[in-house]
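One structure below.
So you know, we letter chains A, B, ... as the sequences are listed, proteins then strands, and number each from 1. Bear in mind the structure is a predicted one, so any value in this text is a computation, not a measurement.
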Amino acid sequence: MIKISLPDNSVMEFEEGVTGLEIAQAISSGLAKEVLAISVDDEVWDLHRPINKDAKIKLHKWNDEEGKHAFWHSSAHLMAEALEKLYPGIKFGIGPSIEYGFYYDVDPGGWTITDAELPAIEKKMKELASQKQEYVREEVTKKRALEYYRKKGDEYKVELIKELEDGTISFYKNGDFTDLCRGPHLPHTGYIKAIKLLSVAGAYWRGDENSKQLTRIYGITFPKQKMLDEYLKMLEEAKKRDHRKLGKELELFAFSQKVGQGLPLWLPKGAQLRERLENFLKKIQKEYGYNQVISPHIGQKELYVTSGHYEKYGHDSFQPINTPAEGEEFLLKPMNCPHHCEIFKHFQFSYKDLPVRYAEFGTVYRYEQSGELHGLTRVRGFTQDDAHIFCRPDQLKEEFIKVIDIILKIFRALQFENYTVQVSLRDPERKEDYIGSDENWEKSEKAILEAVKEKELEINVEYGEAAFYGPKLDFMVKDVLNRKWQLGTIQVDYNLPERFDLEYVGADNQKHRPVMIHRAPFGSMERFVAVLIEHTAGKFPLWLTPEQIVVLPISDKFNDYAKNVSNFLNNYDIRSIVDLRNEKVGKKIRDNELKKIPYLLIVGEKEVESEQVSIRRQGVGDKGAMPLKEFKDYIINEINEQLDFINQ
RNA sequence: GCCGAUGUAGCUCAGUUGGUCUAGAGCAGCUGAUUUGUAAUCAGCAGGCCGUGGGUUCGAAUCCCUCCAUCGGCUCCA
């Protein structure tokens, strides 16, 4: 007999060789129906795998990550089996589960798999799923594993196996399909009831641009059809909040083929929104002792040679602008730091003057690869809410923390709750990709980690995500389709001060090198607005939204009163417009609801006589009538409450 | 940049196997009627080189190729 300890610390006794499924069955038959995988001493196992010694276990259902992982990973194998049946000779790369669903990278050989083929693959999968094929685990030697895939002619699996250690290799078989796999898997394919293949994409083998590009098929599965229906519906709903769609509908921004790819045009309402955000940040920065500066949109090539950016990015960027003068070359500014360094150099600073903080809404241009452009989140011309802080080494931590405070303040003000904080460090294996001494890198990384610790931020550490001149603290936010975007960023930099030979005079009357912090709380105005649109579904907070109020006269007899109402409000800096169209009020309500204007004021005979307005809150409905003067106070009060919250 | 898909009025979309397609609809726009009470009043008008360039064909929005743009990924992101 062996002892099995459960998460609640109770212990059950079983015969040696008991399986997870049998344990679940012993607890309750309901549990046995729901369980998908089992953790045995913190390793996730199949439910069929015999347990031969005392162990601590945890049973995983759908709601556990481990349960979903087993489910989706098994689904990837099921898809592979279907693919092998439909496309004989197809070769397989890797096929993992992901946050939502799974994919498999395949080399279809002579076949081309497109979206049009997905329904047929799905159908095959359903057919195989209903056969309740067992997922059978088999431990194999490296030699046998290599033999199997060499014979099969699958060079991708051979490559993977070569890197594995003998004695740790297992195969899983479902139906006629055998895969190199660590597991765990479901007991059989019958668990998979609802299947949807979502898309086909290209993906480089092992993520290397120079390797062959495989075909990646994304899919998702569920134990119940209803769950799939709900998921697909959720996806549809999310697409309605896509900033590209709403940006067009709400007339915030546009693109023009003639102007150029990735070069956004801010329409009046979008420009207004952005300006308000900029002013909001400017005010905060003023409080934190920043000075606004302005630098030109181009700079001599030499400037970027000095900074090191030219060497790193010059080749793949917008190419130098030539002038009538022989040999003279300018670059469109791809970042603001070198300019700010030159501003710093203009002065002679003493240690008493530091920190010096230069802020600029600086528009920069980067030649992003065409396939990477994406709405406002990835563009070729964008405005960073940039600033550079030049400080003494002993001020670094304090300054860094102050920047974290600004970012957190902004996120809180705009109610960004679902962000993650990422410490982006060098790839320790590829130090040659970065400039600067190891010593400086270590100092920078230490500064960030200390600041983060002091602020008690929960962080993820990502290696290889640093900028080439220094490590970063990045604030990541997801869009409606769960894609991660970097918004706020803070970077410690010992390198540029050296390259630009920046100095201040210390208390010892000697020259010293300042440390530089690069930071952008929004990241870029474009990306921030994009994510803001998706988070709010276009319903911006009252203080921020371009149009706060629309006045709807019931017929043109009341147009003058409506105009008076609007003018009255505008005199108090409340942003209102009037809908004077010759339409029924129902129509005006509908159209303005869709424009997501927060307050709709309906005025007719009653309101004219009593100097009132009837209030309708967007998305909520009729709120009754109120004297105009009272409404004015009501709105001002609501806006002030929001601003007070922000300024706390 | 790479793989796959898509591209028809300002917007959302029809357009069957190439043949009254001289390309349609709804919304938006304009004109007129209507004077309206909480999510679409009616009628009329106007609006398109069917992304671009080339080809196949008696005939192309429809088939083929080039380029451009967009979408989903990959790679990249100072």
If you measure from the Lys or Arg side-chain nitrogens to the Asp or Glu carboxylate oxygens, is any gap between Lys431(A) and Glu442(A) under 4.0 Å?
-> no
For the side chain of Ser370(A), counting heavy atoms from C-beta on, which of G37(B), G1(B), G72(B) is nearest?
-> G1(B)
Identify which nucleotide among A69(B), U41(B), A5(B) has an atom closest to any side-chain atom of Asp115(A), counting heavy atoms from C-beta outward.
-> A5(B)
Rounded off to whole Å, could you give me the [atom1]-to-[atom2] distance for the [X] and [N] pair?
{"X": "Phe255(A)", "N": "G10(B)", "atom1": "CZ", "atom2": "P", "answer": "19 Å"}
{"X": "Leu580(A)", "N": "G29(B)", "atom1": "CG", "atom2": "P", "answer": "13 Å"}
{"X": "Arg216(A)", "N": "G73(B)", "atom1": "CZ", "atom2": "P", "answer": "11 Å"}
{"X": "Ile217(A)", "N": "C74(B)", "atom1": "CD1", "atom2": "C1'", "answer": "15 Å"}
{"X": "Asp242(A)", "N": "C71(B)", "atom1": "CG", "atom2": "P", "answer": "8 Å"}
{"X": "Leu481(A)", "N": "G72(B)", "atom1": "CG", "atom2": "P", "answer": "7 Å"}
{"X": "Leu552(A)", "N": "U35(B)", "atom1": "CG", "atom2": "C1'", "answer": "15 Å"}
{"X": "Gln213(A)", "N": "G4(B)", "atom1": "CD", "atom2": "P", "answer": "8 Å"}

Does the side chain of [X] pick up a donor-acceptor pair with the side chain of [Y] at under 3.5 Å?
{"X": "Asp107(A)", "Y": "Tyr156(A)", "value": "yes"}
{"X": "Trp111(A)", "Y": "Glu117(A)", "value": "no"}
{"X": "Lys595(A)", "Y": "Gln618(A)", "value": "no"}
{"X": "Trp205(A)", "Y": "Asp105(A)", "value": "no"}
{"X": "Glu99(A)", "Y": "Asn482(A)", "value": "no"}
{"X": "Glu360(A)", "Y": "Tyr290(A)", "value": "no"}

Could a donor-acceptor pair under 3.5 angstrom be found where the side chain of [X] meets the base of [N]?
{"X": "Tyr204(A)", "N": "G1(B)", "value": "yes"}
{"X": "Glu372(A)", "N": "G73(B)", "value": "no"}
{"X": "Arg616(A)", "N": "A39(B)", "value": "yes"}
{"X": "Arg380(A)", "N": "C77(B)", "value": "no"}

Give one of base, sugar-phosphate or nothing for [X], where a contact means two heavy atoms less than 4.0 Å apart.
{"X": "Gly621(A)", "answer": "nothing"}
{"X": "Gln486(A)", "answer": "nothing"}
{"X": "Val585(A)", "answer": "sugar-phosphate"}

[N] and [M]: how far apart are their [atom1] atoms, nearest whole angstrom?
{"N": "G47(B)", "M": "G24(B)", "atom1": "P", "value": "13 Å"}
{"N": "G15(B)", "M": "A25(B)", "atom1": "P", "value": "15 Å"}
{"N": "A5(B)", "M": "C45(B)", "atom1": "P", "value": "42 Å"}
{"N": "G48(B)", "M": "C13(B)", "atom1": "C1'", "value": "14 Å"}

Should Arg483(A) be listed as having a side-chain N or O under 4.0 Å from OP1 or OP2 of G73(B)?
-> yes
Phosphate OP1/OP2 of G72(B) contacted by His374(A) side-chain N/O (<4.0 Å) =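 For G72(B), OP1 or OP2 has a side-chain N or O of His374(A) closer than 4.0 Å.
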Answer whether the closest heavy-atom distance between the side chains of [X] and [Y] falls below 4.5 Å.
{"X": "Leu376(A)", "Y": "Phe253(A)", "answer": "yes"}
{"X": "Phe102(A)", "Y": "Ile217(A)", "answer": "no"}
{"X": "Tyr494(A)", "Y": "Met516(A)", "answer": "no"}

The dot-bracket string of RNA chain B, counting Watson-Crick and G-U wobble pairs with both distances under 3.5 Å, using [ ] for crossing pairs and | for pairs to another strand, is (((((((..((((.....[....)))).(((((.......))))).....(.(((..]....))).))))))))....
Are the ring of Phe468(A) and the six-membered base ring of A78(B) within the stacking cut-offs of under 5.5 Å and under 30°?
-> no
Give every pair of a protein N or O atom and an N or O atom of nucleotides 63-65 of chain B that lie under 3.5 Å apart, one pair per line with the distance.
none

Taking side chain to side chain donor-acceptor pair (under 3.5 Å) as the test, write out the residues that go with Asn592(A), two or more places apart.
-> Asp579(A)
